[in-house]
Amino acid sequence: MTTPSPPGAARAIAEGYAFAGPALELGALLWEDRPLPGAPVRVPLAVLNRHGLVAGATGTGKTKTLQLVAEQLSAQGVPVFLADVKGDVSGICAPGLPGDRVARRAAEVGQDWSPAGCPAEFYALGGMGRGIPLRATVTSFGPVLLSKVLGLNTTQEQSLGLIFHYADTKGLELLDLKDLRAVVTFLTSDEGKPELKGIGGVPPATAGVILRSLTAFEAQGAGAFFGEPEFDTAELLRSDGDGRGVVSVLELPAVQDRPQLFSTFLMWLLADLFEELPEVGDLDRPKLVFFFDEAHLLFTGASKAFLEAITQTVRLIRSKGVGIFFVTQTPKDVPSEVLGQLGNRVQHALRAFTPEDAKALKATVRTFPTSPYDLEELLTGLGTGEAVVTVLDEDGAPTPVAAVRLRAPRSLMGPADPAAMDAAIGNSPLYGRYAQAVDRESAYERLAGRPEAAPARPSPPGPAGRGRRERPQEETGMVEQVMGSGVFQSLARSIGTQIGREITRSLFGTSKRRRR
């Protein structure tokens, strides 16, 4: 069946999206409140490493846009990372359900819809929730990101950096939070104070703040995230046997009340990818597309140095074949230094119920190129599953601003069946690699004079499997109890004189040394 050509001004917009190479199909151009099936709006596959923004008020369809883009990337052989904050993205692994609404949307936008799921892996932070446990060692997470999670001020962050520097140079491995607590306690003891005397030391008050912050952090259950086996971010670059990119879904419903933790963890994943991946330049398709959900949480309270590190990472990771899409409510949530690095934009509806909303709306309109639309009116009148789009064309130039009615995802638009998820997690080849926590000898054992490591415990999938190690009740205060022992004093002297293995650190203070 042929579709009519779009009229006049709409035709000029449609021509801006007529790309010759491989592209993702977003939907049909909206003109005078109706979709034009003969005017598809697309985004070239090759420019998705130029990053992007998906924005819009709650309930406007951002999640479905992510799902639509992710499943097409997977079909094109591009791996995808998605953070599932609310638990409604897991359905990407299952075929969608046909129905009247889907059929109507498909007919409106000229989509030949059929149900299809994607190959997917499900992860959870430290096993907190349903998924393969993701862990990082404290050493590799580094002082900058950890300070962000703990809410430390600049002075406290500098002291934490000094503590990491000492551990790095002395070969004291910080695998989990008890290791860090042991080193902090040692450096503020009579035996440990001389170790940092030449470079300023750690004031007792600052050490107290750090220790209290660590205790509160662990009380929230977040300590389960730190430890071994540490997740290898190369796992995110996998394809299945049919050449489809694997969609890695980080399940966050169990920790959605700890946004600072998961937003900073996402930054750790990016920082680790940035350090480990080789330079590849501009490819015909990205090696990975990374969706950074609830992006405003990363920037809230960020220091100037932290923001500069984010900006530099976003700017340079493009040449390593990684595309990043920040997902948030308004472009104002993203600092201008970062926003200026984003080439592709999908802006869902905005609300203007308050003076602050109206101000944000005007600011958003000013960030778009000139267009024939009244964007201020359009952005407040878009329906669910509609958006204003501008992307980069194949030559890197911005396309005309286009109002779009988006296609329907082919995968399940809702949570996957929990039993099916548990089966997929347990059958994953990665489960055996990461499910069982390991507590080998590290800084805590060395400083406590306890070389025996605690036995590892398996972490089954599902909500009951938290991936956390049971700790002896007497562990609390163990370091303090051994401070006066001869074993401890002898060990402290040997640590102070040994030749260390200093770890090179990245922009974010993350470890650049290849981890075990």
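Arg345 forms a cation-pi arrangement with Phe368, by the criterion of a distance under 6.0 Å to the ring centre and an angle within 45° of the ring axis.
Lys304 is not listed as a side-chain neighbour of Leu307, based on a closest heavy-atom distance of 4.5 Å or more. By the 4.5 Å heavy-atom criterion applied to side chains, Phe217 and Leu261 are counted as neighbours. Between Pro372 and Ile13 there is a side-chain heavy-atom pair separated by less than 4.5 Å. Between Leu125 and Leu252, the closest side-chain pair of non-hydrogen atoms falls below 4.5 Å. For the pair Pro331 and Gln347, the minimum side-chain heavy-atom distance is below 4.5 Å. Considering only heavy atoms from C-beta on, Leu45 stays 4.5 Å or farther from Asp284 through its side chain. Looking at heavy atoms from C-beta onward, Leu273 lies out of side-chain contact with Lys320 at the 4.5 angstrom threshold. Residues Val338 and Phe299 form a side-chain contact, since some pair of their non-hydrogen atoms from C-beta on lies under 4.5 Å apart.
Among all heavy-atom pairs drawn from Glu228 and Thr137, the shortest one is CG-CG2, 3.8 Å. In plain terms, the two heavy atoms of Asp88 and Gln67 that are nearest each other are O-OE1, 4.4 Å. When all heavy atoms of Ala83 and Asp293 are compared, the pair lying nearest together is O-OD2, 3.7 Å. Counting all heavy atoms, side chain and backbone alike, Cys118 lies closest to Val247 at CB-CG2, 4.0 Å. Here the closest heavy-atom approach between residue Glu394 and residue Gly21 is recorded as OE2-N, 2.7 Å. Minimum interatomic distance between Leu82 and Val89 (heavy atoms only, all atoms of both residues): CD1-CG1, 3.5 Å.
For Arg285, there are no salt bridge (charged side-chain N to carboxylate O under 4.0 Å, His left out) partners two or more places apart in sequence or in a different chain. In this structure Arg315 satisfies the salt bridge (charged side-chain N to carboxylate O under 4.0 Å, His left out) test with no other residue, sequence neighbours excluded. Taking the side chain to side chain donor-acceptor pair (under 3.5 Å) definition, one finds that Lys359 meets it with nothing, sequence neighbours left out. For the ring pair (Phe, Tyr, Trp, His ring centres under 6.0 Å) test, residues two or more places apart in sequence or in another chain that qualify with Phe265 are Phe225, Trp268. In this view, Thr300 satisfies the side chain to side chain donor-acceptor pair (under 3.5 Å) rule with no residue, not counting sequence neighbours.
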Yes or no on side chain to side chain contact (heavy atoms under 4.5 Å, CB included) for Leu378 and Asp374, after CA distance, side-chain angles and deciding distance? CA-CA 6 Å; Leu378 177 62; Asp374 181 343; 5.9 Å; no
Check the pair Val43, Val346 against side chain to side chain contact (heavy atoms under 4.5 Å, CB included), reporting the backbone distance first and the verdict last. CA-CA 11 Å; Val43 54; Val346 179; over 6 Å; no
Quick one: do Leu24 and Gln76 satisfy side chain to side chain contact (heavy atoms under 4.5 Å, CB included)? Show the steps, please. CA-CA 9 Å; Leu24 307 185; Gln76 296 268 14; 4.2 Å; yes
Go through the steps to decide whether Met267 and Lys148 satisfy the test side chain to side chain contact (heavy atoms under 4.5 Å, CB included), and finish with yes or no. CA-CA 11 Å; Met267 197 65 241; Lys148 174 75 172 171; over 6 Å; no
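In this structure, Glu279 places its CD atom where more than 12 heavy-atom neighbours from other residues, nucleotides or ligands lie under 6.0 Å away.
At distances below 3.5 Å, not a single donor-acceptor pair connects side-chain atoms of Ser140 with backbone N or O atoms of Thr510. Of the possible polar contacts, one joining the Ser74 side chain to the Gly245 backbone as a donor-acceptor pair under 3.5 Å is found. Within the 3.5 Å criterion, the main-chain N or O of Val401 finds no donor-acceptor partner in the side chain of Tyr373. Proximity of a side-chain donor or acceptor of Gln341 to a complementary backbone N or O of His51 within less than 3.5 Å is not detected. In this structure, Ser90 contributes its side chain and Pro415 its backbone to no donor-acceptor pair below 3.5 Å. Checked by atom type and distance alone, the side chain of Ser428 never pairs as donor or acceptor with a backbone atom of Ala424 at under 3.5 Å. At distances below 3.5 Å, not a single donor-acceptor pair connects side-chain atoms of Lys332 with backbone N or O atoms of Ala360. With Asp240 contributing its side chain and Asp242 its backbone, the two residues share a donor-acceptor pair below 3.5 Å. A donor-acceptor contact shorter than 3.5 Å links the side chain of Glu71 to the backbone of Arg410. In this structure a side-chain-to-backbone donor-acceptor pair under 3.5 Å is present from Arg258 to Ala254.
In this structure, Ser147 OG and Phe306 CZ are separated by 9.5 Å, a value rounded to the nearest 0.5 Å. Here the straight-line distance linking atom OG of Ser248 with atom CG of Asp84 works out to 12.5 Å at 0.5 Å rounding. For the atom pair Leu288 CG and Leu236 CG, the distance stands at 6.0 Å (nearest 0.5 Å). Between atom CG of residue Asn344 and atom CZ of residue Phe325 there is a gap of 4.5 Å, rounded to the nearest 0.5 Å. Separation of atoms OG1 (Thr380) and CG (Leu375) is listed at 10.5 Å; rounding is to 0.5 Å. Here Ser319 contributes atom OG and Phe274 contributes atom CZ; the two are 7.0 Å apart, rounded to the nearest 0.5 Å.
Paired with Glu376 under the rule side chain to side chain contact (heavy atoms under 4.5 Å, CB included), one option of Thr364, Leu361, Leu350 passes, and it is Leu361. When each of Leu297, Leu53, Leu298 is tested with Thr328 by the rule side chain to side chain contact (heavy atoms under 4.5 Å, CB included), just one qualifies, namely Leu53.
By the 30° and 60° cut-offs, the orientation of the rings of Phe19 relative to Tyr17 is perpendicular. Below 30°, between 30° and 60°, or above 60°: for Phe231 and Tyr434 the angle between ring planes is between 30° and 60°, a tilted geometry.
For the pair Arg135 and Glu230, the salt-bridge criterion is not met [side-chain N within less than 4.0 Å of a carboxylate O].
Under the salt bridge (charged side-chain N to carboxylate O under 4.0 Å, His left out) criterion, the residue pairs touching residues 95-124 are Arg105-Glu108, Glu108-Arg405, Glu121-Arg238, with sequence neighbours excluded.
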